[in-house]
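FYI, side chains are in, hydrogens and waters are out, and symmetry mates aren't considered; it's all heavy atoms of this structure. Residue numbering restarts at 1 for every chain, and letters A, B, ... go by the order of the sequence lines. Since the structure is predicted, the reported quantities are computational estimates derived from the model, not experimental observations.
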Amino acid sequence: MQFLIKNIIREAISDVLEKMIDTPFEFEVKNAPPQFGDFASNVALVGSRFFKKSPRQLAEQIAGELCVNPIFDSVSIDGPGFLNFKVSNDVLLRVVRSILNGDYKVSRDENRSVKVQFEYGSANPTGPFTVGHGRQLVIGDVLSRVFKELGFSVIREMYINDAGRQIKLLGRSLWIRYNQQLGVEELQIPQDGYHGEYLVEIAGRLIDLHGERYKNKWDDKIERLFCNFAVENIMAGMRSDLEQLNCQFDVYFSEKSLISDGTVDGVLKELFNKGLTYEKDGAIWLRVSSFVDDADKVLIRSDGSYTYFLTDIAYHYNKYKRGFHRVYDIWGSDHHGHVSRMVAAMKALGIPDDFLNIILHQFVTLKREGETVKMSTRAGSFVPLKNLVQEVGPDAARYFFAMIDPNTHMVFDIDLAKKQSADNPVYYVQYAHARICSLFRQAKEKGLTFEIGKNLDLLQNPLEKRVMKRLDSFDDALNDVVRTLSPNKLCLYLEGLAYDFHSFYTKCLVINPSEPELSNARLSLARATEIVLSKGLSILGISAPERM
RNA sequence: GCGCCAGUAGCUCAAUGGAUAGAGCGUCGGACUUCGGAUCCGAUGGUUGCGGGUUCAAGUCCUGCCUGGCGCGCCA
């Protein structure tokens, strides 16, 4: 059951409008600035042109009808013609009741049949995750959880680029590390190879397993072995990073499998049959420019190998065939050049425009002791995700990555994330939860017998009402996340709820043995807050501690 | 040169085309002989990068600049 007060108000307004005019029009109901009331609507402002009346005149007419409705304590007109409402306590209490009863649900039945897929964290398995990947993983993970919460059927998927030339370079780099450790001095990793320390470690493991068997020996079979060994070991590290960050995937999708199962060839054939490919300079090209304002791109190189572009088209073709209604790809902003090409490819294959949705996120800058450290994978100056998560903890890492709009450049302040004080928003929200748990411990210790859900009508204080209104907006917050594809809306909401609760708590004594009825009511409000806080934190993948 | 993203308080960030642009931190000043002071209350702080335009209304939309990030490969 959903008791979104704004919906109740919207319906009340619509009922009035229906009697006045035939053509419905869009208007909004939102929280009002506190000096004006609880909720506000711009219905008279946007409606004035349909009625050929001034906004204020129309507002007065609508208000005249609405004020008899018992859900309102008052209806007033302010400013250019805003309708401002104070809602009755009874309406506010419905929210608390339904949360306490467990029938407050944000999921929508109509979402249940919508199959969506999130693809994120996709990386070459050629090195460990970086801090930049961390941002992407958390954005994807939280968005997936929010979509799931709203009832969508969601698959979380990581694409493993295990087929390209990068992998061959990786295998070769590993083989050279292996030989170096066995005393072969003259071999050096090529400039564009992989120089990271992690390959030295993996080479050591290879020696433990196979001894000197592959020293100075190199053929296709050995190459495959070294490639596979490197990929498997790096993937194992990535999986442990994911676990540490509390990220789970439903599917790990191998690029190689698209080649071996014929998907790539099938897509090539389809594009060829449609006349959308051509040969030039010994390579096969896709007519990207026929669909979008971008240059044509190579699908098959002159040496016969497949480009990343081609296999990615095949991957998305595969997604489409799997029956997803929408897919969301989350990429770093350095991939934005890939967007229009993929859009073109989808059009070329006749896949609907709304199928592929791409969420680009900007880069992360680390800040430590006031110094900013810019990171770039290509320049080799990256900080492994593992180190960051170990330093600040998974809760702070996740919260920080989630709390910034993906479109905004992000400064990750390591010192702030480690700080256990009010400066740190993750502790601020968690503290509200711990504080509520403490209330119930206290009540028990003091031998107070209380009954959740009883005497709710005693909740009359403005600070109590503010908490109730905020509880009602949880649904709004989650829908905002879906609408804007930014998890930070949920963080902002939880900070607001924590703030409202702390204010209430400071001003209103919750546990008071001399007023058991009022204690019943306030403990009930605290319980409802606890339920929403812990739900919100769990969607963020963050713990809701009972003590801190 | 072309394209994408951003530019809002000292700092980090909010704000469906709506009311006097808001929070937190910082700074200054207050609040526990009752439930966790990891909290609360108040003050301070703005020409929303700059100039035009669209309209009842622009931080938001259009346009021209400026600054920063990222791209512009038979890399991924």
Side-chain angles (χ1 to χ4, degrees), chain A residues 26 28 30 32-33 35-36 40 42 45-46 48-49 54-55 78-82 84 122-124 126 161 164-166 192 255 280-285 293-295 297-303 305-309 311-312 332-340 360-363 365 367 370 374 376-378 403-413 416 419-425 427-428 430-432 434-435 437-443 445-446 448 480 483-484 488-489 491-492 495-496 498-499 501-513 519 522-523 526 547-548:
Chain A
E26 291 286 316
E28 62 187 30
K30 55 201 286 187
Q35 67 270 33
F36 291 119
N42 67 346
L45 279 89
V46 294
S48 65
R49 64 195 152 111
S54 79
D78 299 283
F82 283 99
N84 287 308
S122 299
N124 287 334
T126 52
N161 302 122
R165 351 172 309 181
Q166 302 299 325
D192 55 351
E255 179 183 7
K280 192 181 95 181
D281 303 331
I284 305 295
W285 298 66
D293 183 21
D294 202 351
K297 293 287 162 194
V298 168
L299 297 171
I300 303 179
R301 301 187 190 96
S302 50
D303 68 1
S305 62
Y306 297 154
T307 61
Y308 167 78
F309 181 41
T311 50
D312 209 25
S333 61
D334 55 335
H335 281 61
H336 87 252
H338 195 53
V339 173
S340 62
L360 293 175
H361 66 90
Q362 303 299 314
F363 278 27
T365 306
K367 187 168 145 193
K374 213 188 75 179
S376 150
T377 310
R378 292 185 187 200
M403 75 178 179
I404 307 291
D405 187 308
N407 260 331
T408 305
H409 293 259
M410 168 180 186
V411 178
F412 194 117
D413 186 334
L416 176 61
K419 225 160 153 185
Q420 305 208 351
S421 77
D423 317 6
N424 189 343
Y427 284 103
Y428 183 81
Q430 288 180 321
Y431 181 61
R435 204 173 212 186
C437 294
S438 164
L439 271 178
F440 285 98
R441 286 194 297 268
Q442 282 286 331
E445 273 172 34
K446 291 187 177 172
L448 187 80
D480 278 350
R483 180 176 55 81
T484 60
N488 70 319
K489 303 292 185 294
C491 296
L492 290 168
E495 286 166 39
Y499 169 75
F501 180 80
H502 286 310
S503 296
F504 151 73
Y505 175 93
T506 305
K507 193 75 189 284
C508 303
L509 184 62
V510 176
I511 297 171
N512 186 353
S519 294
R522 288 184 170 162
L523 280 168
R547 298 170 200 268
M548 295 172 71

Self-check item: Proximal nucleotide (of C13(B), A76(B), A38(B)) relative to the Ile404(A) side chain
Solution: C13(B)
Quiz item: What nucleotide among G37(B), G69(B), C40(B) has an atom nearest to a side-chain atom of Tyr505(A)?
Solution: G37(B)
Self-check item: Opposite nucleotide pairing with G71(B), Watson-Crick or G-U, both atom distances under 3.5 Å
Solution: C2(B)
Self-check item: Out of A14(B), C4(B), G69(B), whichever nucleotide has its closest atom nearest the side chain of Asp405(A)
Solution: A14(B)
Practice problem: Please measure how far the P atom in A6(B) lies from the corresponding atom in G10(B), and state the result in whole Å. | Solution: 22 Å
Quiz item: Among the nucleotides G24(B), C74(B), C11(B), which one has an atom lying closest to any side-chain atom of Lys367(A)?
Solution: C11(B)
Self-check item: Interatomic distance, Arg441(A) CZ vs G36(B) P [rounded to whole Å]
Solution: 8 Å
Quiz prompt | Options A76(B), G18(B), C35(B), nucleotide nearest the side-chain atoms of Ile511(A) | solution = C35(B)
Quiz item: Reckon Asn488(A) has a side-chain N or O less than 4.0 Å from the OP1 or OP2 of A14(B)?
Solution: yes
Quiz item: How far does the P atom of G59(B) sit from the matching atom of G49(B), given to the nearest Å?
Solution: 10 Å
Quiz item: Where the side chain of Asn124(A) is concerned, which of C35(B), C74(B), A76(B) is the nearest nucleotide?
Solution: A76(B)
Quiz item: Does a side-chain N or O from Gln362(A) land closer than 4.0 Å to OP1 or OP2 of C70(B), or not?
Solution: no
Practice problem: Scan Ser438(A) against the nucleic acid and name what it touches under 4.0 Å (heavy atoms): base, sugar-phosphate only, or nothing. | Solution: base
Self-check item: Distance, P atom - from U48(B) to A43(B), rounded to whole angstrom
Solution: 22 Å
Quiz item: How is Ala434(A) classified with respect to the nucleic acid when contacts are heavy atoms under 4.0 Å: base, sugar-phosphate, or nothing?
Solution: base
Quiz prompt | Same-atom distance (C1') from C41(B) to C32(B), integer angstrom | solution = 13 Å
Exercise. Considering just the side-chain nitrogens and oxygens of Ser503(A), establish if one lies under 4.0 Å of OP1 or OP2 belonging to C41(B).
Key: yes
Quiz item: Between Val510(A) and Asn161(A), who's closer to the 5' end of RNA chain B by nearest nucleotide?
Solution: Val510(A)
Self-check item: Rounded distance in Å between the C1' positions of G26(B) and C62(B)
Solution: 38 Å
Exercise. Return no unless some side-chain N or O of Thr408(A) is found under 4.0 Å from OP1 or OP2 of A14(B).
Key: yes
Practice problem: State which of U34(B), U16(B), A76(B) makes the closest approach to the side chain of His335(A). | Solution: A76(B)
Quiz item: With respect to the phosphate group of G37(B), does any side-chain polar atom (N or O) of Tyr427(A) fall under 4.0 Å of OP1 or OP2?
Solution: no
Practice problem: State whether Tyr428(A) places a side-chain N or O below 4.0 Å from either non-bridging phosphate oxygen (OP1 or OP2) of C40(B). | Solution: yes
Exercise. Go through the N and O atoms of the side chain of Asn84(A) and the base of A19(B), and report whether any donor-acceptor pair is under 3.5 Å.
Key: yes
Quiz item: Is the number of heavy atoms from other residues, nucleotides or ligands within 6.0 Å of CG (Asp293(A)) greater than 12?
Solution: no
Exercise. Take atom P in A19(B) and the same atom in A57(B), then report the distance between them in whole Å.
Key: 14 Å
Quiz prompt | Any Arg435(A) side-chain N or O less than 4.0 Å from OP1/OP2 of C35(B) | solution = no
Quiz item: According to a strict under-4.0 Å criterion, is Lys489(A) in side-chain N/O contact with OP1 or OP2 of A15(B)?
Solution: yes
Quiz item: Using a cut-off of 4.0 Å on non-hydrogen atoms, how would the nucleic acid contact of Cys491(A) be classed: base, sugar-phosphate, or nothing?
Solution: nothing
Self-check item: C1' spacing across the pair U60(B) / A21(B), given as an integer number of angstrom
Solution: 11 Å
Quiz item: For the side chain of His336(A) and the base of G3(B), is some donor closer than 3.5 Å to an acceptor across the two?
Solution: yes
Exercise. Look at Arg301(A) and A76(B) and indicate whether a side-chain polar atom (N or O) is within less than 4.0 Å of OP1 or OP2.
Key: yes
Exercise. Please report the closest heavy-atom contact between Phe82(A) and Leu45(A), naming both atoms and the distance.
Key: N-CD1, 3.7 Å
Quiz item: From the list C40(B), G36(B), A19(B), which nucleotide is the closest neighbour of the side chain of Ala40(A)?
Solution: A19(B)
Self-check item: Mutual orientation of the aromatic rings belonging to His338(A) and Tyr308(A) [parallel < 30°, tilted 30-60°, perpendicular > 60°]
Solution: tilted
Quiz item: Counting N and O atoms only, with roles assigned by atom type, does the side chain of His336(A) sit under 3.5 Å from a partner on the main chain of Ser333(A), one being a donor and the other an acceptor?
Solution: yes
Quiz item: With respect to the side chain of His502(A), which nucleotide from A76(B), C40(B), G37(B) is positioned closest?
Solution: C40(B)
Quiz item: Which part of the nucleic acid, if any, lies within contact of Gln442(A), taking any heavy atom under 4.0 Å across all strands shown: a base, the sugar-phosphate backbone alone, or nothing?
Solution: sugar-phosphate
Exercise. Verify side-chain contact (heavy atoms from CB on, under 4.5 Å) between Tyr306(A) and Leu299(A), making sure each step is shown before the conclusion.
Key: CA-CA 6 Å; Tyr306(A) 297 154; Leu299(A) 297 171; over 6 Å; no
Practice problem: Indicate yes or no: at least one non-hydrogen side-chain atom of Phe363(A) is less than 4.5 angstrom from one of Asp334(A). | Solution: yes
Quiz item: Using a cut-off of 4.0 Å on non-hydrogen atoms, how would the nucleic acid contact of Tyr499(A) be classed: base, sugar-phosphate, or nothing?
Solution: sugar-phosphate
Self-check item: C1' gap between U16(B) and G69(B), integer Å
Solution: 28 Å
Self-check item: Nearest listed nucleotide, side chain of Val298(A), among C4(B), U16(B), C74(B)
Solution: C74(B)
